[in-house]
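Positions are given from 1 along the sequence. Quick caveat, the model's predicted, so the values are computed rather than measured.
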Amino acid sequence: MSDFHLVMPTGSTALAGGAIADFTDSDTVSDVVSMAKYQTVYFLVHWGVGTTGTATITALPIDTPGGTPTTAIPFQYKRMSAGETNTAWTASSSLATTAGSSQVYMIKVEAKDLPTNYEYVYLDIAELVNAALLGGCIILMADPRYNEDTLDTVTT
């Protein structure tokens, strides 16, 4: 069984994936992923250049692909901004990022925190301070519920 199921979206001005210019412009979202076969999903929100831009990050569950999101759910996060940063997990349901170049936020969402009958989750990354950030969001699905070498596609 694999340790992680990796999800690398292609990215666009509306979808955070691999590094794209000004990825937080307006209201950016990650891919929507299904947690039906996983207990944990990690979203790695990253940017290199961008000394003044900030954003608010929330995890939003939906019941069906393309459905309307409900209230933001709790998650845990770590901020990495220097070599070998290993801080404790911090619990939150909304995260205001810190201005500065070379930032990585690891957001951990657990299936147990989804509302009843909700299977899907994504990150909303809303720009607070307008400044171009060259970055994106990589998704790692973890803790599979089934012992399979390769699991089904998780994106919608």
Side-chain angles (χ1 to χ4, degrees), residues 1-47 50 53-80 89-98 103-156:
M1 175 169 32
S2 297
D3 293 332
F4 289 103
H5 179 124
L6 302 173
V7 180
M8 179 59 178
T10 56
S12 71
T13 56
L15 182 67
I20 55 176
D22 204 4
F23 90 105
T24 60
D25 187 33
S26 300
D27 194 15
T28 302
V29 298
S30 72
D31 259 351
V32 173
V33 292
S34 168
M35 297 192 71
K37 293 188 176 184
Y38 294 90
Q39 295 179 42
T40 312
V41 58
Y42 295 93
F43 296 90
L44 292 173
V45 179
H46 62 90
W47 62 89
T54 61
T56 297
I57 300 172
T58 53
L60 296 171
I62 54 177
D63 56 354
T64 59
T68 303
T70 186
T71 305
I73 59 172
F75 57 84
Q76 297 178 61
Y77 73 91
K78 290 185 179 196
R79 175 177 170 250
M80 295 155 276
W89 288 104
T90 302
S92 184
S93 60
S94 179
L95 165 63
T97 64
T98 302
Q103 303 284 320
V104 177
Y105 286 85
M106 179 178 280
I107 311 295
K108 177 182 177 182
V109 177
E110 296 180 282
K112 68 178 180 58
D113 293 323
L114 293 172
T116 302
N117 297 323
Y118 279 68
E119 167 187 333
Y120 301 92
V121 66
Y122 68 94
L123 288 188
D124 181 77
I125 308 162
E127 186 174 57
L128 285 177
V129 174
N130 186 8
L133 295 177
L134 175 61
C137 178
I138 298 168
I139 304 169
L140 300 99
M141 306 300 294
D143 305 319
R145 298 173 195 244
Y146 305 99
N147 188 10
E148 297 175 347
D149 286 333
T150 305
L151 293 174
D152 299 334
T153 300
V154 296
T155 56
T156 62

Looking at every heavy atom in both [X] and [Y], which two are closest together, and how far apart are they?
X: Tyr118; Y: Pro61; answer: CD2-C, 3.8 Å
X: Ser34; Y: Met141; answer: O-CE, 3.4 Å
X: Gln39; Y: Pro144; answer: NE2-O, 4.3 Å

Query raised in the report: Which of these, Val121, Ile138, Ile57, sits in a side chain to side chain contact (heavy atoms under 4.5 Å, CB included) with Phe43?
Result: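 Result: among Val121, Ile138, Ile57, Val121 is the only option passing the side chain to side chain contact (heavy atoms under 4.5 Å, CB included) with Phe43.
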When rounded to the nearest 0.5 angstrom, what is the spacing between [atom1] in [X] and [atom2] in [Y]?
X: Leu140; Y: Lys108; atom1: CG; atom2: NZ; answer: 13.0 Å
X: Ile107; Y: Leu123; atom1: CD1; atom2: CG; answer: 6.0 Å
X: Leu95; Y: Thr90; atom1: CG; atom2: OG1; answer: 9.0 Å
X: Ile125; Y: Thr97; atom1: CD1; atom2: OG1; answer: 9.5 Å
X: Trp89; Y: Phe75; atom1: CH2; atom2: CZ; answer: 11.0 Å

Report task. Not counting sequence neighbours, list each pair that qualifies as a salt bridge (Lys or Arg N to Asp or Glu O under 4.0 Å) and has a residue in residues 111-120. Result ->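 Those involving residues 111-120 are Glu110-Lys112.
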Query raised in the report: With sequence neighbours excluded, what pairs up with Ser94 under the side-chain contact (heavy atoms from CB on, under 4.5 Å) test?
Result: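 side-chain contact (heavy atoms from CB on, under 4.5 Å) check on Ser94 returns Thr56, Thr58.
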Query - Thr98: partners by side-chain contact (heavy atoms from CB on, under 4.5 Å), with sequence neighbours left out - result: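 For Thr98, the residues satisfying side-chain contact (heavy atoms from CB on, under 4.5 Å) (neighbours in sequence not counted) are Arg79, Tyr105.
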Report task. Show your working on side-chain contact (heavy atoms from CB on, under 4.5 Å) between Met35 and Leu114 and close with a plain yes or no. Result -> CA-CA 9 Å; Met35 297 192 71; Leu114 293 172; 4.1 Å; yes
Query raised in the report: Got a sec, which residues hit side-chain hydrogen bond (donor to acceptor under 3.5 Å, both in side chains) with Thr40, two or more places apart in sequence or on another chain?
Result: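 Testing Thr40 for side-chain hydrogen bond (donor to acceptor under 3.5 Å, both in side chains), a comparison that skips the adjacent residues, returns Asp143.
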Would you be so kind as to tabulate the donor-acceptor pairs closer than 3.5 Å made by side chains of residues 62-73, with sequence neighbours excluded?
none

